[in-house]
There are 2 protein chains.
Amino acid sequence: MWLRRTTRPTSTDGELARLAKALGHPARVRIIRHLTKRTSCMCGDIVKELPLAQSTVSQHLKVLKKAGLITGEIDGPCVCYCIEPAMLVRLKTLIATLPSPSSSPKQVCQSK
Amino acid sequence: MWLRRTTRPTSTDGELARLAKALGHPARVRIIRHLTKRTSCMCGDIVKELPLAQSTVSQHLKVLKKAGLITGEIDGPCVCYCIEPAMLVRLKTLIATLPSPSSSPKQVCQSK
DNA sequence: ACATCCTATCGTATTTTTACGATAAAGGAA
DNA sequence: TTCCTTTATCGTAAAAATACGATAGGATGT
């Protein structure tokens with residue numbers, strides 16, 4: 001952004017951008033989808049699901065966690081990642097603030 | 001991505017990631033929102049709306065256009081950008097394929 | 001023709017992202 | 001204790017994203 005922040009942007013635009021950005025990679029979408037398919041949390045099975053190195057997957061998990069879309073808690077030797085449903089709802093809500101199909105009729109250019 | 005493609009990924013995951021990535025910047029969210037507020041298309045008023053250089057805004061518009069979220073057509077001296085409602089609907093649809101709040105009850109870790 | 005306005009693109013620099021292998025840290029089993 | 005498994009982090013390299021000023025090109029007006 002044009003202004004560096006250490007804290008998360010609290011504005012609606014910034015929040016939507018932040019969440020969208022976290023989803024903005026095929027591997028991360030796949031992780032999210034995988035976590036929603038299972039009722040269990042899945043530790044490192046995610047690594048087996050993806051054609052990526054374990055360290056790379058770990059980085060993607062970190063991004064999702066930082067965005068608040070998933071949580072990870074230690075369970076003995078492995079770590080359990082779970083979806084954070086509230087944050088997905090939040091994302092849907094923010095997306096919903098964008099135009100609905102009916103409210104945007106085909107428009108002619110009126111710049112002049 | 002783990003496999004370089006010249007064409008757009010056609011898979012659902014890839015498509016969602018692609019659209020989310022396009023939205024994954026505050027300036028681009030703001031542009032989208034601005035375009036939805038107006039009934040007219042707005043040419044370079046977008047530049048005035050943002051604290052960014054004209055060339056930078058032009059780049060962001062290019063990203064949104066490439067993602068199919070907006071269209072831009074030349075109208076005399078200026079260019080008119082419009083929302084592409086269908087693509088926003090598509091984005092909402094893809095997001096909807098992710099879990100609904102009720103389908104993701106609070107789960108205990110079951111990895112072991 | 002010339003000047004002006006609007007926009008895209010170029011060239012560039014900085015930052016961020018993505019990916020990997022290697023390593024470290026923590027837990028459980030022998 | 002010593003292994004083994006699991007995960008995070010480090011170090012690094014390559015690619016992409018972001019931003020700007022400068023420039024080019026197209027349309028309009030004089």
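In what follows, chains are A, B, ... by sequence order, proteins preceding strands, each numbered from 1. Here the structure is a predicted model, which is why all the values come from computation and not from measurement. Worth knowing before you read on, the calculation uses all heavy atoms, side chains too, and leaves out hydrogens, waters and symmetry mates.
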Qualifying salt bridge (charged side-chain N to carboxylate O under 4.0 Å, His left out) pairs with a residue from residues 45-56 of chain A, counting only residues at least two apart or across chains
A:D45-A:K48

Tabulate atom names and distances for all N/O pairs under 3.5 angstrom spanning the protein and nucleotides 8-10 of chain C.
residue, atom, partner, partner atom, Å
C:dA8, OP1, B:Y81, OH, 2.1
C:dA8, OP2, B:S58, OG, 2.9
C:dA8, N7, B:Q54, NE2, 2.8
C:dA8, N6, B:Q54, OE1, 3.0

Indicate, with yes or no, whether the SG-to-SG separation of B:C41 and B:C82 is under 2.5 Å.
yes

Could you tell me which residues satisfy ring-ring contact (aromatic ring centres under 6.0 Å, His included) with B:H60, sequence neighbours excluded, listed by chain and number?
B:H25

To the side chain of A:P77, which of D:dA19, C:dG27, C:dG21 is closest?
C:dG27

Any residue meeting side chain to side chain donor-acceptor pair (under 3.5 Å) with A:S55, in chain and number order, not counting sequence neighbours:
none

Tell me which of A:A53 and A:K21 sits closer to the 5' end of DNA chain C, going by the nucleotide each one is nearest to.
A:K21

Taking 4.0 Å as the cut-off, does a side-chain nitrogen or oxygen of B:H25 come that near to OP1 or OP2 on C:dT16?
no

With a 4.0 Å limit, can you tell me whether B:H60 has a side-chain N or O closer than that to the phosphate oxygens OP1/OP2 of D:dA19?
yes

Nearest to the A:R28 side chain among C:dT18, C:dG21, D:dC20, which nucleotide is it?
C:dT18

Please enumerate all residues that pass side chain to side chain donor-acceptor pair (under 3.5 Å) together with B:T97, with sequence neighbours excluded.
A:R33

Rounded to the nearest 0.5 Å, what separates atom OG1 in A:T71 from atom CD in A:E84?
5.0 Å

